[in-house]
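To start, the structure under review is shown below, and the notes come after it.
Values below: all heavy atoms of this structure, side chains included; hydrogens, waters and symmetry mates excluded.
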Amino acid sequence: MTTEEERELYAELVLQCAESVPRGRATTYGAIADVVGQRLGRGGPRLVGSVLAAHGGGVPWWRVVRADGSLPPSHGEEARQAYLEEGTPLLPGGSVDLARAFCPPRLGAQ
C-alpha cells in the first residue's frame, strides 16, 4: 500500500467482505484477500488479518478464519461462543467445518 487513501480503501473493502458473510457461515482470510485483490490488484491473507485486528471490532470477525477453519488461539473462546449462538458447523476439535460452513465473501457493487 502506498498512500493512506489506498490503505483506507483496502480496509473498507475487507470489512465489507467480512460483513457479507451470513450468520452460521464462515469465510477465510485468503478468500477475502482474493476478492479484494481482484478489485485492487494487491494484498493477501496476512493483510486481511491485520485489517480485521485493527478495524474489525464492528464486523463479525469470527466468521473469518484460517484456511483450516481455525482462528488464532487468542480469539478462541469469544469466537466459539458466537459459533454456538449462530449454529456454525464445527469440527470435533472446535474449528469451523469449512466444508459445510464456507461462504464466498463478496463486495457490494462488483
| By side-chain contact (heavy atoms from CB on, under 4.5 Å) - contacts of Glu86 (at least two apart) | Arg23, Trp62, Arg63, Thr88
| Taking only residues two or more places apart in sequence or in another chain, which ones pass side-chain contact (heavy atoms from CB on, under 4.5 Å) with Asp68? |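 Arg66, Ser70.
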| query | Heavy atoms, side chains only, cut-off 4.5 Å: are Val35 and Arg106 in contact? | reply | no
| request: Only counting residues at least two apart or in another chain, list the ones meeting side-chain hydrogen bond (donor to acceptor under 3.5 Å, both in side chains) with Glu77. | output: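 Partners of Glu77 by the side-chain hydrogen bond (donor to acceptor under 3.5 Å, both in side chains) criterion come out as none, since no residue qualifies.
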| task | Using the rule that two of Ile, Leu, Val, Met, Phe, Trp, Tyr join whenever any of their side-chain heavy atoms come within less than 4.5 Å, decide whether Val21 and Val65 are in one cluster. | result | no
| query | Transitively linked via ILVMFWY side-chain contacts under 4.5 Å: Val59 with Val51? | reply |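 Val59 clusters together with Val51.
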| Pairs where residues 50-61 contributes a residue and the test side chain to side chain donor-acceptor pair (under 3.5 Å) is met, not counting sequence neighbours |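 Every pair satisfying side chain to side chain donor-acceptor pair (under 3.5 Å) with a residue in residues 50-61: there are none.
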| query | Of all heavy-atom pairs between Leu107 and Cys17, which one has the smallest distance, and what is that distance? | reply | CD2-SG, 3.5 Å
| Nearest heavy-atom neighbours spanning Val48 and Val14 |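 Shortest heavy-atom contact: CG1-CG1, 3.9 Å.
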| Distance in Å, Leu40 CG paired with Tyr10 OH, rounded so as to fall on 0.5 Å steps |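 Nearest 0.5 Å value for the CG-OH distance: 7.5 Å.
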| Inter-residue atom distance Leu90.CG - Arg80.CZ, 0.5 Å rounding | 6.5 Å
| field | Pair listing, salt bridge (Lys or Arg N to Asp or Glu O under 4.0 Å) test, anchored in residues 91-101, at least two apart | value |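 Residue pairs passing salt bridge (Lys or Arg N to Asp or Glu O under 4.0 Å), neighbours aside: Asp97-Arg100.
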| Side-chain donor/acceptor of Glu6 to backbone N/O of Thr3, under 3.5 Å | yes
Give every donor-acceptor pair under 3.5 Å between a side-chain atom in residues 24-33 and any protein atom, sequence neighbours left out.
from: Arg25; atom 1: NE; to: Ala101; atom 2: O; distance (Å): 3.1
from: Arg25; atom 1: NH2; to: Phe102; atom 2: O; distance (Å): 2.6
from: Thr27; atom 1: OG1; to: Cys103; atom 2: O; distance (Å): 3.1
from: Thr28; atom 1: OG1; to: Ala31; atom 2: N; distance (Å): 2.9

